[in-house]
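Atoms considered below: every heavy atom in the structure, side chains included; atoms not considered: hydrogens, waters and symmetry mates. All residue numbers refer to positions in the sequence shown, counting from 1.
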Amino acid sequence: MPVSRSGEAGCGERAYAELMSVPAPDATPVTATLLNFVFAQVWQRPGLSRRERWFVTLPCVAAADAEEPLRDHVYAALHSGEVSITEMQETVLHFAVYGGWPKASQFNMTVDAQWERIHTERGQAVPPPQPLLPLVTPSDPEARLAVGEQSFKDINCLPFAPIRDNPYSGAGILNFVFGEMWLRPGLGMKERRLITVACVAFQDAPYPILSHVYAALKSRDVSFDEMDEVALQFGAYYGWPKASRLLQVIDEQKQRVLAEWAAEAEAAR
């Protein structure tokens with residue numbers, strides 16, 4: 001039996017419709033509770049902006065193999081203008097590296113379809129894509145690897161980089177991931193941090209979740225309070241068990257970063 005659209009249920013439905021740009025689904029008692037928690041509570045919290053929450057949410061729904069939610073969230077993010085088409089396309093590329101190419105293929109097709117849908121609804125032609133070239137990173141192989149090595153150190157807040165002479169670390173990590181992708185201008189560093197943390201949180205890989213939570217905090221690109229909100233947003237979209245692990249890592253890395261900052265301050269005296 002559908003619940004009343006007044007009170008708590010109505011609050012969730014209104015929040016859903018405002019965020020998603022479409023009416024809320026008919027609410028049963030269970031869906032009304034979910035709408036209220038996810039849309040009327042989590043999305044409204046002040047610790048992260050709504051725009052920033054998209055960069056946690058989109059990788060979660062892209063990884064969940066749920067075609068309709070992916071379509072709806074891509075549509076809403078683009079329709080609202082809170083995520084530009086360039087930022088969305090860069091999100092797909094970043095997700096492909098940290099969430100996997102097969103799922104990114106579906107993500108990319110969904111973005112293309114929803115971008116066309118939005119323009120069709122507005123009676124407009126889809127604008128031509130931004131040209132890929134010229135790339136902002138070096139074309140010379142030696143220079144590109146050198147950029148990748150420095151970028152790896154800077155982004156990961158580490159004093160070392162992986163070896164070149166290995167296909168995975170050289171051609172993949174140094175040449176492409178840190179030699180180009182993290183440096184592409186269509187998406188900001190904070191947004192890339194948020195996408196990455198969401199991806200490593202659902203991947204169950206022990207070192208990447210540790211290293212990327214650490215780097216996001218140590219760099220100050222994501223504050224301690226913002227990272228707590230990332231965990232909550234992630235939990236709402238990918239589930240409590242993996243969010244619980246993410247929270248554990250966040251707490252551990254906060255203590256590590258605080259200790260390092262204290263040591264750095266002491267050394268500077």
Side-chain angles (χ1 to χ4, degrees), residues 52 55-56 58-59 62 83-105 107-108 129-203 205-223 226-227 230 249 253 256-257 259-261 263-265 267-268:
E52 289 164 344
F55 295 102
V56 180
L58 288 165
V83 180
S84 72
I85 185 58
T86 298
E87 290 172 326
M88 185 67 79
Q89 291 167 336
E90 290 293 331
T91 296
V92 171
L93 177 60
H94 204 98
F95 173 86
V97 167
Y98 288 99
W101 290 99
K103 290 179 186 288
S105 178
F107 191 1
N108 191 59
Q130 294 291 320
L132 176 64
L133 300 176
L135 296 175
V136 298
T137 47
S139 297
D140 175 75
E142 173 64 32
R144 190 176 179 85
L145 286 171
V147 166
E149 289 167 336
Q150 188 60 52
S151 174
F152 181 94
K153 295 175 186 178
D154 294 342
I155 290 168
N156 289 287
C157 302
L158 294 172
F160 60 84
I163 64 170
R164 294 182 174 192
D165 297 325
N166 174 283
Y168 172 79
S169 60
I173 299 299
L174 296 179
N175 181 69
F176 176 64
V177 177
F178 291 94
E180 180 182 342
M181 187 198 70
W182 272 92
L183 305 177
R184 289 178 58 81
L187 196 60
M189 180 59 68
K190 184 174 186 177
E191 289 78 12
R192 292 189 183 277
R193 297 279 194 197
L194 297 175
I195 295 164
T196 305
V197 168
C199 288
V200 296
F202 62 64
Q203 291 287 16
Y207 183 72
I209 186 173
L210 181 156
S211 65
H212 284 290
V213 168
Y214 165 78
L217 295 172
K218 183 66 182 290
S219 65
R220 292 185 168 87
D221 289 329
V222 181
S223 73
E226 288 173 331
M227 190 63 83
V230 169
V249 173
Q253 296 313 304
R256 175 186 175 188
V257 167
E260 290 181 359
W261 284 344
E264 291 163 5

Looking at Tyr168, is its backbone amide N or carbonyl O close enough to the side chain of Asn166 to form a donor-acceptor pair, meaning the two atoms are under 3.5 Å apart?
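Answer holds: yes.
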About how many Å separate NZ of Lys218 and OG of Ser211, when rounded to the nearest 0.5 Å?
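Here the interatomic distance stands at 13.5 Å.
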Should Glu87 and Arg192 count as an ion pair when the cut-off is N to O under 4.0 Å?
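Salt bridge flag = no for Arg192 with Glu87.
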Run the ring-ring contact (aromatic ring centres under 6.0 Å, His included) test against His212 and tell me which residues pass, sequence neighbours left out.
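His212 satisfies ring-ring contact (aromatic ring centres under 6.0 Å, His included) with Tyr98 once adjacent residues are dropped.
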State, with a plain yes or no, whether a side-chain heavy atom of Val222 is found less than 4.5 Å away from one of Val213.
no
Would Asp221 and Arg193 pass as an ion pair if we require N to O under 4.0 Å?
yes
Taking salt bridge (Lys or Arg N to Asp or Glu O under 4.0 Å) as the cut-off, I'd like each qualifying pair that reaches into residues 170-186, sequence neighbours left out, listed once.
Glu90-Arg184, Arg144-Glu180, Glu180-Arg184
Rounded at 0.5 Å granularity, tell me how far CG in Leu217 sits from OG in Ser223.
8.5 Å
Gap separating the CZ atom of Phe176 from the OG1 atom of Thr137, nearest 0.5 angstrom:
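Going from CZ on Phe176 over to OG1 on Thr137, the span is 9.5 Å.
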Is it true that the NZ or CZ of Arg220 lies under 6.0 Å from the centre of Trp261's six-membered ring and within 45 degrees of the ring axis?
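Output yes; distance and angle both within limits.
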Taking all non-hydrogen atoms of both residues into account, name the closest pair between Leu145 and Gly170 and its distance.
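Residues Leu145 and Gly170, closest heavy atoms: CD2-O, 3.7 Å.
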Can you tell which of Val257, Ile209, Val249 makes a side-chain contact (heavy atoms from CB on, under 4.5 Å) with Tyr214?
Val257
Quick one: which residue pairs count as a salt bridge (Lys or Arg N to Asp or Glu O under 4.0 Å) with a foot in residues 147-158, not counting sequence neighbours?
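Only Glu149-Arg164 qualify under salt bridge (Lys or Arg N to Asp or Glu O under 4.0 Å).
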Flag side-chain contact, heavy atom, 4.5 Å: Asn156 against Phe178:
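They are in side-chain contact.
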Interatomic spacing from CD in Gln130 to CD1 in Ile85 - rounded to 0.5 Å:
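The CD1 atom of Ile85 is 10.5 Å from CD of Gln130, to the nearest 0.5 Å.
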If you define the side chain from C-beta out and look only at heavy atoms, does anything of Trp182 sit under 4.5 Å from His94?
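Side-chain contact under 4.5 Å: yes.
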Considering only heavy atoms from C-beta outward, does the side chain of Phe107 approach that of Met88 to under 4.5 Å?
yes
Any idea which heavy atoms bring Phe95 and Cys199 closest together, and the distance?
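Heavy-atom minimum between the residues: CD1-SG, 3.7 Å.
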